[in-house]
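Structure first, then comments.
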Protein chains: 2
Amino acid sequence: MTPEEPPYRRIAADLRQAVERGEYRPGQQLPSGSALMKRYGVARQTVQNAFDALRAEGLVTTQPGAGVFVRTKPAVTRLARNRLSRAARTANQATFLGDAAASGFTASVEVEIRIETADEHLADALHIEAGDEILVRRRTMRADGEPVQLATSRLPRRLTAGTAIEQENTGPGGIYSRLEEAGVRLDHFVERVLTRPATVDEAALLNVAAGAPVLVVRRVAIDESGTPVEVNDMTMVGDRYELVYELAAD
Amino acid sequence: MTPEEPPYRRIAADLRQAVERGEYRPGQQLPSGSALMKRYGVARQTVQNAFDALRAEGLVTTQPGAGVFVRTKPAVTRLARNRLSRAARTANQATFLGDAAASGFTASVEVEIRIETADEHLADALHIEAGDEILVRRRTMRADGEPVQLATSRLPRRLTAGTAIEQENTGPGGIYSRLEEAGVRLDHFVERVLTRPATVDEAALLNVAAGAPVLVVRRVAIDESGTPVEVNDMTMVGDRYELVYELAAD
DNA sequence: AAGTGGTCTAGACCACTTG
DNA sequence: AAGTGGTCTAGACCACTTG
């Protein structure tokens with residue numbers, strides 16, 4: 001670390017404060033690189049370093065050819081993740097479509113369905129044998145056309161063969177309702193939540209900067225006998241999601 | 001966007017693949033900037049851009065004066081956040097210390113206790129009047145000496161006056177047990193989880209790069225009459241936490 | 001003492017957007 | 001046509017770590 005703050009950080013701090021004071025509102029353009037070079041008497045790279053820092057913080061977005069703009073905080077998609085009860089399922093259609101509608105978004109989902117065989121990790125998670133057939137549903141969820149979530153569900157093929165779970169449209173209540181119709185009694189779900197920087201592939205699919213925070217949720221559905229029947233890996237754009245959980249006191 | 005990939009991205013991609021192939025193991029040093037300048041025939045800044053990209057992804061850490069190193073993935077602190085039941089409380093001491101012990105960390109907590117008055121937002125969240133006295137407990141949690149979480153609890157002073165909640169050490173079961181002893185019947189907790197890039201202040205307190213993902217959790221404790229009795233805002237280092245929630249199927 | 005990553009200057013070219 | 005952000009070169013200095 002240098003003993004005194006490097007120039008690019010001072011420039012970044014000045015711009016940050018200006019935004020916080022409301023001098024530049026969300027969506028508005030910040031001074032251009034050239035303007036800042038003159039104002040501070042620095043080289044191009046120094047201004048670029050300041051822009052990079054502000055972008056990493058998520059305070060601004062940059063549009064090459066156009067300018068640097070204060071980020072408009074998008075309305076949060078509130079995902080009441082405890083809304084997986086039977087009652088909620090029979091009322092709603094698919095979970096994501098319900099959540100998006102509740103948040104005022106136009107939702108769309110793209111589904112790719114495949115039959116694969118389980119590798120060791122997945123076989124372990126689903127209590128099946130490696131090499132067993134599994135049904136894979138890969139989905140891209142969009143809100144107002146913008147991709148906001150990638151999700152991959154995997155279920156033992158033995159549970160899904162001949163059901164609407166292998167169709168694009170799984171019908172009212174989604175795959176959980178179809179599982180129960182097929183005789184599976186769901187008992188509970190376990191969700192593990194973590195965050196990390198987006199990988200390069202995720203960044204491309206979700207249209208965010210590489211390294212931008214994503215929420216990663218693995219949900220496992222467990223039946224009355226304690227057997228896992230579905231593993232759902234979800235990757236959500238950090239900006240667009242807020243997960244809500246309710247926990248009993250006893 | 002340039003039509004062909006800029007040189008710094010190709011350098012970053014090469015290094016990423018080398019790490020993925022296992023050529024450089026976690027903790028090991030990557031080739032130095034000078035070595036890469038020669039190997040690729042590029043300027044210092046170009047190598048620096050590659051390093052910056054890999055750091056944003058969280059793949060490497062850089063130590064000025066020493067080198068660029070493959071990040072060692074730290075053992076995850078598994079926070080079974082559904083462990084707020086009465087039974088678990090009476091068994092454990094404080095929640096964080098229990099979690100850390102279960103994950104094999106040496107935990108330490110630094111507490112700062114203050115009495116403040118509620119601003120409008122907080123008064124709204126706690127169902128009290130703006131200006132009412134509140135007890136504020138600001139904590140920094142460390143695992144093996146490294147800061148991993150900042151937490152700020154706020155409770156109406158009326159509930160905490162004369163209890164151990166206003167002491168540094170709140171005793172067995174923590175503040176929830178003290179609240180129940182004082183006649184508060186807890187009913188449930190609501191946790192809202194989101195992620196965002198660390199602010200500059202948080203980054204300094206948590207010893208991470210500005211913009212690194214943090215998990216932000218707001219927990220509200222609600223009593224049997226539906227009144228919120230505590231608001232706890234937590235900021236966790238993204239790398240170090242995995243939150244676990246269990247949801248009933250009906 | 002030699003090597004490291006971080007930052008800087010001054011100047012250049014590029015693809016792109018805006019009026 | 002003028003302006004924008006992104007990237008690059010070539011060279012420099014700095015504080016720091018390593019042997």
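Order of the sequence lines fixes the chain letters, A, B, ..., with proteins taken first and strands second; residue numbering starts at 1 for each chain.
- Between B:Gln149 and B:Tyr241, the side chains place a donor N or O and an acceptor N or O closer than 3.5 Å (distance only, hydrogens not considered).
- A donor-acceptor contact closer than 3.5 angstrom links the side chains of B:Tyr245 and B:Glu191.
- Between C:dC8, D:dT7, C:dG5, one nucleotide has an atom nearer to the side chain of B:Phe51 than all others, and that is C:dG5.
- Judged purely by atom type and a 3.5 angstrom limit, A:Gln17 has no side-chain atom pairing as donor or acceptor with the backbone of A:Ala12.
- For B:Ser34 and C:dT4, the shortest distance from a side-chain N or O to OP1 or OP2 is below 4.0 Å.
- Between C:dG6 and B:Gln48, a contact under 4.0 Å exists linking OP1 or OP2 to a side-chain N or O.
- Checking D:dT9, C:dT17, C:dC8 against every side-chain atom of A:Ala66, the shortest atom distance belongs to C:dT17.
- When each of A:Gly65 and B:Gly65 is assigned the nucleotide of DNA chain D with its nearest heavy atom, A:Gly65 is the one assigned upstream, toward the 5' end.
- Here B:Val68 lies in heavy-atom contact (under 4.0 Å) with sugar-phosphate atoms only.
- Shown for residues 14-32 of chain A: residues whose heavy atoms fall under 4.0 angstrom of DNA chain D, namely A:Ser32.
- Remark: C:dA10 base-pairs with D:dT9. Criterion, Watson-Crick or G-U wobble with two distances under 3.5 Å.
- Along DNA chain C, the nucleotide closest to A:Tyr8 and the one closest to A:Arg44 are compared, and the more 5′ of them pairs with A:Tyr8.
- At the phosphate of C:dG6, OP1 or OP2 sits under 4.0 Å from a side-chain N or O atom of B:Thr62.
- Under the 4.0 Å criterion applied to side-chain N and carboxylate O atoms, B:Arg138 and B:Glu116 are assigned as salt-bridge partners.
- Salt-bridge formation is not detected for the pair A:Arg114/A:Glu166: no Lys NZ or Arg NE/NH1/NH2 atom is positioned less than 4.0 Å from an Asp or Glu carboxylate oxygen.
- Here B:Arg9 reaches the OP1 or OP2 of D:dT7: one of its side-chain N or O atoms lies under 4.0 Å away.
- Across the protein-nucleic acid pair, A:Tyr40 atom OH and C:dA10 atom P stand 18 Å apart, rounded to whole Å.
- Between B:Thr46 and D:dT7 there is no side-chain N or O to OP1 or OP2 distance below 4.0 Å.
- When the side-chain nitrogen and oxygen atoms of A:Asn49 are compared with OP1 and OP2 of C:dC8, one or more of them lie within a distance under 4.0 Å.
- In this structure, B:Arg55 reaches the C:dG6 phosphate: one of its side-chain N or O atoms is under 4.0 Å from OP1 or OP2.
- One interatomic measurement links the two molecules: CG of A:Leu36 to C1' of D:dG3, which rounds to 14 Å at whole-angstrom precision.
- Distance, A:Gln45 CD to D:dC13 C1': 16 Å, rounded to whole Å.
- Of the charged side-chain nitrogens involved, none lies within less than 4.0 Å of a carboxylate oxygen, so that A:Arg196 and B:Glu57 do not count as a salt-bridged pair.
- Judged by distance alone, with hydrogens and angles left aside, the side-chain atoms of B:Gln28 form a donor-acceptor pair with the main-chain N or O of B:Arg25 at under 3.5 Å.
- In a base pair of the Watson-Crick type (N1 to N3 plus N6-O4 or O6-N4) or a G-U wobble (N1-O2 and O6-N3), with each distance short of 3.5 Å, C:dC16 is matched with D:dG3.
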